[in-house]
Amino acid sequence: MQEMPIGLTLLLLGAVGVQCMYPSSSDVVDLTPNNFDNKVINSDSIWIVEFYAPWCGHCQQLKPEYEKAATALKGIVKVGGVNADDHKSLGSKFNVRGFPTIKIFGADKNKPEDYNGARTAQGLVDAALKAASEKARSTLSGKKSSSGGSKSEGSKDSKDVIELTDENFDKLVLNSEDMWLVEFFAPWCGHCKNLAPQWASAASELKGKVKLGALDATVHTIKASQYEIRGYPTIKYFAPGKKDSDSVSDYDGGRISSDIVTWALDKLAENVPAPELTQIINEKSLKKACEDKPLCIVSVLPHILDCQSDCRNDYLKILTTLGEKFKKKMWGWVWAEAGAQPHIEEALEIGGFGYPALAAVNIKKMKYSLLKGSFSQDGINEFLRDLSYGRGGTAPLKGTELPKIYETEPWDGKDAEPPQEEDIDLSDVDLDEKDEL
């Protein structure tokens with residue numbers, strides 16, 4: 001930015017663009033990772049929450065109807081909006097795949113329902129009143145609603161927080177390959193008491209991925225002194241793998257469960273190795289690479305006779321580089337030679353635009369999105385980036401199950417020899433007149 005006034009103006013305009021989808025004068029409450037748990041999860045109110053992106057045309061079309069519904073429901077049901085393009089952690093937490101996504105946080109706040117009704121104020125109001133009625137009837141019948149911030153739930157989940165001491169710290173934390181977040185606390189500390197249910201909830205959500213521990217620094221002073229604990233609570237991050245002095249650093253994220261979980265998963269993803277680019281040679285290879293993955297990136301490369309080893313390796317290098325770039329997404333990456341897996345090509349409608357070709361497949365939903373642009377690093381990067389933001393169209397896979405996979409030989413990395421033409425000696429062949437050309 002050459003001139004400060006212009007740059008400052010642009011910055012201010014950008015900031016307003018993020019915030020002004022629903023201004024402060026609107027009855028739609030602006031929700032962020034910092035206030036979401038307190039306002040929505042830990043409240044007794046029914047909430048309708050829209051997850052939107054400011055650039056989304058459908059979101060902009062919905063805005064007047066959504067604000068009209070918020071005004072009509074004032075004092076009855078809360079209506080909020082999350083800029084999920086800016087606050088991706090919240091969108092990810094609630095499995096938001098496209099914009100706008102509307103969810104109703106009713107009796108069970110931990111399991112919001114998707115709103116699939118009409119995108120009108122009347123449709124939203126009807127759904128909200130139905131949720132409020134169901135909650136009232138549930139309370140009347142004696143059933144208790146589930147809230148993310150209840151003391152009983154926090155107490156229940158506290159079993160997933162590992163108690164650390166001077167005696168077991170090295171064995172459990174330093175001598176493990178696991179990633180750890182460790183809270184150093186004091187029993188009398190008010191901030192520690194406030195953190196406890198959030199820490200317990202995060203520990204449960206991260207179970208099996210990241211370990212969360214707690215150490216009473218007023219009792220176990222050796223470790224508290226070793227890590228120079230000066231205030232409470234202090235949270236330290238211990239990186240996965242072999243631990244040394246460089247493996248520990250300060251946690252600098254938020255203090256609510258969703259912030260802790262997001263921060264931990266981001267750190268975990270940073271240490272995840274790039275996915276292996278697997279050739280589809282049988283059903284097992286495909287399942288190993290793609291099963292239980294949110295998306296599988298499937299490429300079909302030209303036949304080796306049409307694109308020899310240097311050409312093929314260039315394509316594989318592009319895919320490997322992008323696999324590293326998008327590794328935090330935990331996608332699977334596979335490839336096949338043109339013609340080797342015809343059922344895959346047919347199911348994904350690959351080949352009509354020639355080779356190479358690429359598609360992103362959601363195996364669980366049996367849907368896919370086909371790359372229509374160039375098979376280049378920039379072209380594929382743009383395609384995958386749009387998918388990660390919920391943009392781009394999808395189509396259902398042909399059939400109700402995965403395509404049949406043929407057993408093929410893995411590529412040996414070498415050029416292919418063109419087929420030899422057999423020389424036929426025609427000198428001894430007698431042709432009568434009617435056979436002559």
Side-chain angles (χ1 to χ4, degrees), residues 32-38 41-42 89-90 92-93 110 147-272:
T32 70
N34 291 330
N35 66 13
F36 196 93
D37 279 9
N38 285 336
I41 302 299
N42 298 338
S89 61
L90 278 180
S92 175
K93 179 178 179 180
N110 296 307
S147 173
S150 67
K151 291 183 179 180
S152 59
E153 186 177 343
S155 175
K156 174 185 173 183
D157 290 344
S158 64
K159 69 179 186 299
D160 295 321
V161 176
I162 300 169
E163 183 180 355
L164 297 171
T165 67
D166 282 338
E167 290 72 30
N168 68 13
F169 195 95
D170 287 1
K171 178 182 177 180
L172 294 181
V173 180
L174 300 184
N175 297 338
S176 79
E177 295 286 321
D178 299 312
M179 174 178 154
W180 280 80
L181 287 177
V182 178
E183 176 203 3
F184 294 82
F185 71 94
W188 44 260
C189 160
H191 292 299
C192 303
K193 293 176 182 178
N194 292 334
L195 175 63
Q198 304 294 336
W199 194 247
S201 176
S204 296
E205 194 166 343
L206 291 167
K207 191 174 182 179
K209 300 173 185 175
V210 178
K211 292 187 174 179
L212 268 65
L215 181 140
D216 185 343
T218 65
V219 174
H220 305 287
T221 56
I222 295 175
K223 287 301 171 185
S225 175
Q226 179 181 341
Y227 293 107
E228 300 180 342
I229 304 304
R230 298 286 183 262
Y232 308 114
T234 292
I235 302 172
K236 295 284 185 179
Y237 159 69
F238 293 81
K242 187 177 180 180
K243 308 290 191 295
D244 54 29
S245 58
D246 294 328
S247 301
V248 59
S249 59
D250 290 329
Y251 168 83
D252 57 3
R255 297 297 176 92
I256 61 176
S257 61
S258 59
D259 290 337
I260 298 166
V261 169
T262 299
W263 192 96
L265 292 179
D266 284 345
K267 280 291 183 183
L268 188 64
E270 288 177 7
N271 292 277
V272 170

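Treat the numbers as computed from the prediction; the structure is a model and nothing was measured. We count residues from 1, following the sequence as given.
A distance of 7.5 Å separates CG of L181 from CG of L206, quoted to the nearest 0.5 Å. Separating the CD1 atom in I256 from the CG atom in N34 is a distance of 6.0 Å, to the nearest 0.5 Å. For the atom pair CG (D166) and OG (S225), the distance works out to 10.0 Å, reported to the nearest 0.5 Å. The CG atom of N35 lies 11.5 Å from the CD1 atom of I41; values are rounded to the nearest 0.5 Å. Distance OG1/T221 to CG/L215: 9.5 Å, rounded to 0.5 Å. Atom-to-atom distance recorded for E228:CD and T234:OG1 is 11.0 Å, nearest 0.5 angstrom.
Using a 4.5 Å cut-off on side-chain heavy atoms (C-beta onward), P233 and C189 make contact.
Here ring pair (Phe, Tyr, Trp, His ring centres under 6.0 Å) pairs that include residues 188-207, with residues two or more places apart or in two chains, are W188-Y232. Sorted by first and then second residue, the salt bridge (Lys or Arg N to Asp or Glu O under 4.0 Å) pairs with a member in residues 212-226 read D170-K223; sequence neighbours excluded. Sorted by first and then second residue, the salt bridge (Lys or Arg N to Asp or Glu O under 4.0 Å) pairs with a member in residues 247-256 read K236-D250; sequence neighbours excluded. For residues 159-181, the set of pairs meeting the ring pair (Phe, Tyr, Trp, His ring centres under 6.0 Å) definition, not counting sequence neighbours, comprises F169-Y227, F169-F238. Among residue pairs with one or both ends in residues 178-200, those qualifying as salt bridge (Lys or Arg N to Asp or Glu O under 4.0 Å) are D178-K211; sequence neighbours excluded.
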Stepwise side chain to side chain contact (heavy atoms under 4.5 Å, CB included) check, V210 with I260: CA-CA 11 Å; V210 178; I260 298 166; over 6 Å; no

Side chain to side chain contact (heavy atoms under 4.5 Å, CB included) evaluation trace for K243 with S176: CA-CA 8 Å; K243 308 290 191 295; S176 79; 3.9 Å; yes

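By the ring pair (Phe, Tyr, Trp, His ring centres under 6.0 Å) test, F36 is found to be paired with F94, F105, residues two or more places apart in sequence or in another chain being considered. Residues passing the side-chain contact (heavy atoms from CB on, under 4.5 Å) test with N168 are L164, T165, L172, sequence neighbours excluded. Y237 meets the ring pair (Phe, Tyr, Trp, His ring centres under 6.0 Å) test with W263; sequence neighbours excluded. For D266, the side-chain contact (heavy atoms from CB on, under 4.5 Å) criterion is met by T262, not counting sequence neighbours. Legend: residues meeting side-chain contact (heavy atoms from CB on, under 4.5 Å) with E163, ordered by chain and number and at least two apart, are absent. For K209, the side chain to side chain donor-acceptor pair (under 3.5 Å) criterion is met by no residue, not counting sequence neighbours. Under the rule for a salt bridge (charged side-chain N to carboxylate O under 4.0 Å, His left out), the partners of D37 that lie at least two apart in sequence or sit in another chain are K93.
Of all heavy-atom pairs spanning A202 and L212, the tightest one is CB-CD2, 4.0 Å. Smallest separation of non-hydrogen atoms from P33 and L90: N-CD1, 3.6 Å. Of all non-hydrogen atoms in T218 and A186, the two that sit nearest each other are CG2-CB, 3.7 Å.
In L174, the CG atom is crowded: over 12 heavy atoms of neighbouring residues, nucleotides or ligands sit closer than 6.0 Å.
Of the possible polar contacts, one joining the S247 side chain to the D244 backbone as a donor-acceptor pair under 3.5 Å is found.
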